[in-house]
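Working notes, structure below.
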Amino acid sequence: MDITGRTFLTRAQLAAAGVGDQEIRTARGRGSLVRVGRGVYSDAAAYADTSERGRHLLAVRGVVAARTNAVVSHTSAAILHDLRMWNPDLSRVHLSIDAARGGRRTARVHTHTNRLTGCLTQVRGLTATTVAKTAVDLARELPFEAGVCVVDSALAVASRADVDAALDACTGMSGCSAARRIVAFADGRSESIGESRTRVYLQRYGFPPFELQVTLRHGAFVCRPDFLLDGVIVEFDGRMKYTSEQVLFEEKKRHDELMSLGWTVARLTWADLASDAGAVKVRRAMALAKGRPPPLTHRVP
């Protein structure tokens, strides 16, 4: 068996390929093999090309391979489910046990006490908490903004009823009240971390609720802005740079079309969300829109 390019290799697989313990130690010393868990290794070149999320998944598989009945949960389960998270801490693998006590945290693994009855699923060959349970567990522990990001993502693939049921099941557990506030605010129509954070930002600065993802039409022109309030469109632009002149041209064309139809547009960036600059932009746009005739578009049902 050729191990070049393989990102997950057990000691047994290496032995079958003629690579014994001494060779493993030598390869690790030379930097051609990386240990990703107890008795689990990765080709160093392949590992270097793996994303941060991909490396965390390798760490999860490495930990689970050495344990029986392991349940992947919290941040690690969110990675398995491809949920969006804002600035997640991927330094530890997260597991859960169905018990009131016995949790443990080491440098590599955080084992949580949890309630797991009826909320387990199989993901990529691993046993993990469901999307709804994963989101609620994280909402119990994360700050409000980060919690909203992951619950928004969960609601795009899980039903509100499933998330509410997972929330009810956590009654009496630490952080459940905070999770209820996050779930109540969350909205599965948010399509990115930037949009989720923008909603939290607008609430923090006291703006009235914005409508999300409303489809507007005028003749052949159709668009679906991120947020809508009367004559103001708020868009989150998270691109550090546009990928091509054509993309930039199309974006400017869309912006000019909206303006010509009577909309006032406020575009927020990552930097705007880090200060009051975004709030200033939105307030300025609302002031400009006040008293103007209604925009020449109608909503698409």
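We're numbering straight along the sequence, starting at 1.
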Exercise: identify the closest heavy-atom pair between Arg197 and Cys149: CG-SG, 3.7 Å
Whether over 12 other heavy atoms sit under 6.0 Å from Asp21 CG: yes
Under-4.0 Å salt bridge between Arg84 and Glu191: no
Side-chain heavy-atom pair Arg104, His110 within 4.5 angstrom cut-off: no
Same apolar cluster: Leu126 and Val93, side chain cutoff 4.5 Å: yes
Intermediate values then yes/no, ring-ring contact (aromatic ring centres under 6.0 Å, His included), Phe227 and Phe236: CA-CA 9 Å; Phe227 305 100; Phe236 176 77; 8.9 Å; no
Cluster check Ile193, Val151: I/L/V/M/F/W/Y, side chain < 4.5 angstrom: no
Test item: Val234 and Val232 side chains (from C-beta on) under 4.5 Å apart, heavy atoms: yes
Any donor-acceptor N/O pair, Arg11 side chain to Ile24 backbone, under 3.5 Å: no
Charged N-O contact under 4.0 Å between Arg189 and Asp226: no
Nearest atoms (heavy-atom pairs only) where Ile182 meets Phe144: CG1-CD1, 3.6 Å
Pro225 versus Ile233, closest heavy-atom pair with distance: CB-CG2, 3.5 Å
Asp43 side-chain N/O to Ala46 backbone N/O, donor-acceptor pair under 3.5 Å: yes
Side chain proximity check, Val71 to Leu95, heavy atoms < 4.5 angstrom: no
Aromatic Tyr47 / basic Arg55 pairing, under 6.0 angstrom, 45° off normal: yes
Residue among Ser76, Ser91, Ser51 satisfying side-chain hydrogen bond (donor to acceptor under 3.5 Å, both in side chains) with His56: Ser76
Heavy-atom pair with the smallest gap, counting every atom of Val40 and Ala65: CG2-CB, 4.2 Å
Flag side-chain contact, heavy atom, 4.5 Å: Leu212 against Glu195: no
Lys/Arg-Asp/Glu bridge criterion (N-O < 4.0 Å) met for Asp152, Arg199: yes
Residue pair Ala128 / Ala77: nearest heavy atoms and the distance that separates them: CB-CB, 4.4 Å
Heavy-atom side-chain proximity of Leu268 to Asp237 below 4.5 angstrom: no
Connected via hydrophobic side-chain network under 4.5 Å: Val36 and Ile79: no
hydrophobic_cluster_shared for Val157 and Val163, side chain cutoff 4.5 Å: yes
Donor-acceptor pair between Thr134 and Thr129 side chains, under 3.5 angstrom: yes
Residue Glu52 excluded, over 12 heavy atoms near CD under 6.0 Å: no
pair Arg204-Glu145: side-chain heavy atoms closer than 4.5 Å: yes
Lys133 vs Asp162 side-chain heavy atoms within contact, under 4.5 Å: no
Min side-chain heavy-atom separation Val214-Arg299 under 4.5 Å: yes
Short side-chain to backbone donor-acceptor contact, Arg105 and Thr111, under 3.5 Å: no
Shortest non-hydrogen separation from His74 to Leu138 and the atoms involved: C-CD2, 3.8 Å
